[in-house]
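Notes follow once the structure below has been shown.
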Amino acid sequence: MRLKIGFEKVPIFIGIGAGKLPLRDKTCPFLISDSYFYNMSDLRVSLLQADLVWHDAAANRANFQEKIRQLPPTDLIVLPEMFTTGFSMEAATLAERMDGETVAWMRQMAQERNAVVMGSLIMEEDGHYYNRLLWMRPDGTHAHYDKRHLFRMAGECEAYTPGTQRLVVELNGWRICPMVCYDLRFPVWARNTPVAYDVLIYIASWPDRRRLAWQTLLKARAIENLAYCVGVNRVGTDAKGHAYAGDSAAYNLLGEELTHNEHDEAVTTITLSRQHLEETREKLPWHLDADTFTLHVEQQ
């Protein structure tokens with residue numbers, strides 16, 4: 001069976017900003033979680049690159065809590081993939097629920113910092129296990145994205161249920177599309193046609209031995225989608241002996257590097273420029289010539 005996902009009618013805008021009018025309606029292959037606002041300010045994003053304690057959610061929460069409380073003012077706090085456990089296939093042992101400790105902790109951190117906190121963890125729901133990315137807002141509400149592309153070489157596709165729908169969320173007038181690790185290798189899943197988002201974010205447990213692919217594909221996603229692209233990866237070595245180089249980074253719409261952290265733990269807060277977003281899309285509107293298509297996923 002094939003399942004049509006996340007299609008809604010939304011307006012395409014020429015340029016982004018107050019006073020811009022929709023050109024025409026197109027079909028948008030994204031789940032739109034919040035309303036659109038085009039009167040945007042700059043966006044402050046904090047990238048938390050850290051080592052993880054294997055299978056110890058309390059220790060990892062405590063580590064990130066210390067880092068979060070030391071951040072400068074920010075709008076969005078980005079944690080790595082499976083930030084409470086490391087990249088583990090022991091879902092039945094490690095899974096939490098939406099009323100569990102980590103969700104409550106994320107809500108507390110978001111409220112304390114008056115910022116969105118995002119990261120993924122192992123989640124159980126209705127007898128299924130998910131690598132679930134949570135988008136926790138300061139008011140306690142949240143959205144989530146279940147990782148679509150599961151890394152079969154590690155057995156993730158056997159331990160977890162894949163998601164079926166992409167997500168776009170709004171923050172201070174910015175439209176943000178969050179994804180997880182292996183999703184980075186599948187450009188159609190992130191295709192920004194029409195312009196459905198302004199920032200594409202990948203959180204990951206990406207191994208050191210394939211760091212060239214991570215670096216190359218993050219930059220490519222920014223350029224081809226005419227959007228900022230941010231990647232947050234972990235560092236250290238896990239209990240399985242897999243080493244992680246970090247390489248958390250951000251790129252602007254032209255693929256120019258805004259920040260890059262290698263190997264060591266690092267906390268970086270960057271500012272994404274509204275002016276760069278608007279001017280680049282106005283001067284180089286190649287999104288208006290992009291192919292349109294209908295995306296389907298197979299229900300598993």
Side-chain angles (χ1 to χ4, degrees), residues 46-71 76-113 115-138 140-147 150-151 154-156 158-163 178-183 201-207 231-244 246 248 264-267:
S46 296
L47 291 63
L48 276 63
Q49 176 173 291
D51 197 355
L52 301 178
V53 183
W54 187 249
H55 289 189
D56 193 333
N60 287 312
R61 288 194 300 265
N63 180 36
F64 282 113
Q65 180 168 301
E66 180 179 0
K67 298 178 187 301
I68 289 171
R69 286 177 170 168
Q70 294 175 357
L71 287 171
L76 174 59
I77 300 166
V78 187
L79 310 179
E81 178 184 23
M82 290 193 184
F83 71 90
T84 57
T85 59
F87 187 62
S88 176
M89 301 305 108
E90 297 183 34
T93 302
L94 299 171
E96 298 192 38
R97 296 183 61 85
M98 292 301 293
D99 59 358
E101 293 184 15
T102 299
V103 175
W105 175 83
M106 292 180 73
R107 184 176 296 113
Q108 177 189 350
M109 292 296 98
Q111 290 171 346
E112 281 189 17
R113 295 313 315 260
V116 169
V117 177
M118 63 171 282
S120 87
L121 65 153
I122 301 170
M123 191 67 65
E124 187 273 329
E125 187 173 84
D126 297 328
H128 295 274
Y129 299 106
Y130 299 93
N131 184 346
R132 176 164 292 178
L133 182 151
L134 288 179
W135 175 273
M136 183 63 68
R137 305 180 185 90
T141 63
H142 66 269
H144 75 263
Y145 163 72
D146 293 326
K147 184 178 181 182
L150 303 177
F151 190 58
E156 189 180 15
E158 299 173 2
Y160 298 93
T161 299
M179 294 195 176
V180 183
C181 202
Y182 194 40
D183 288 331
I201 301 179
Y202 291 93
I203 60 173
S205 294
W206 198 282
V232 174
N233 192 25
R234 62 160 295 183
V235 293
T237 302
D238 67 20
K240 300 291 185 180
H242 302 302
Y244 303 90
S248 298
D264 298 323
E265 290 199 344
V267 177

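Along the sequence shown, the residues carry numbers beginning at 1.
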Item to check | Minimum heavy-atom distance Val235-Gly246, with the two atoms named | outcome: CG1-CA, 3.6 Å
Item to check | Whether Tyr244 and His242 hold their rings parallel, tilted or perpendicular, with breakpoints at 30° and 60° | outcome: perpendicular
Checklist entry - Closest approach of Ala91 and Ala159, non-hydrogen atoms and distance? => result CB-O, 4.1 Å
Next on the checklist: Would you call the rings of Phe83 and Phe64 parallel, tilted or perpendicular, taking 30° and 60° as the class edges?
Outcome noted: perpendicular
Next on the checklist: If I compare all heavy atoms of Pro80 with all of Ala204, which pair ends up nearest, and what's the gap?
Outcome noted: CB-O, 3.9 Å
Checklist entry - Quick check: does any side chain N or O of Glu96 sit under 3.5 Å from a backbone N or O of Thr102, one acting as donor and the other as acceptor? => result yes
Checklist outcome for this item: When every non-hydrogen atom of Cys181 is compared with those of Lys147, the smallest separation belongs to CB-NZ, 3.9 Å
Checklist entry - Roughly how far, to the nearest 0.5 Å, is CE of Met82 from CZ of Arg234? => result 11.5 Å
Checklist outcome for this item: All heavy atoms of Ile77 vs all of Ala115, minimum pair found to be CD1-CB, 4.2 Å
Checklist outcome for this item: One should read off an interatomic distance between Leu150 CG and Tyr160 OH, to the nearest 0.5 angstrom, of 9.5 Å
Item to check | Gln49 side chain to Asp264 backbone, donor-acceptor under 3.5 Å | outcome: yes
Checklist entry - So, Tyr145 versus Asp183: side-chain donor-acceptor pair below 3.5 Å or not? => result yes
Checklist outcome for this item: CG (Asp146) and CG (Asn131) are apart, to the nearest 0.5 Å, by 8.5 Å
Checklist entry - Counting distance only, does the side-chain N/O of Glu66 pair as donor-acceptor with the main-chain N or O of Arg69 below 3.5 Å? => result no
Checklist outcome for this item: Note: Met89 and Glu156 closest approach over all heavy atoms is SD-CA, 3.4 Å
Checklist entry - Is a side-chain donor or acceptor of Glu81 paired with a backbone partner of Ser205 at a separation under 3.5 angstrom? => result yes
Item to check | Residues Thr84 and Arg61: side-chain donor-acceptor under 3.5 angstrom | outcome: no
Checklist entry - Is there a side-chain contact (heavy atoms from CB on, under 4.5 Å) between Leu71 and Lys67 once you walk through the steps? => result CA-CA 7 Å; Leu71 287 171; Lys67 298 178 187 301; over 6 Å; no
Checklist entry - Near Glu90 CD, under 6.0 Å, is it more than 12 heavy atoms from other residues, nucleotides or ligands? => result yes
Item to check | Atom pair CG (Asp51) and CG (Asn60), whose distance is rounded to the nearest 0.5 Å | outcome: 8.5 Å
Next on the checklist: Has Thr161 got a side-chain atom pairing as donor or acceptor with Tyr130's backbone, closer than 3.5 angstrom?
Outcome noted: no
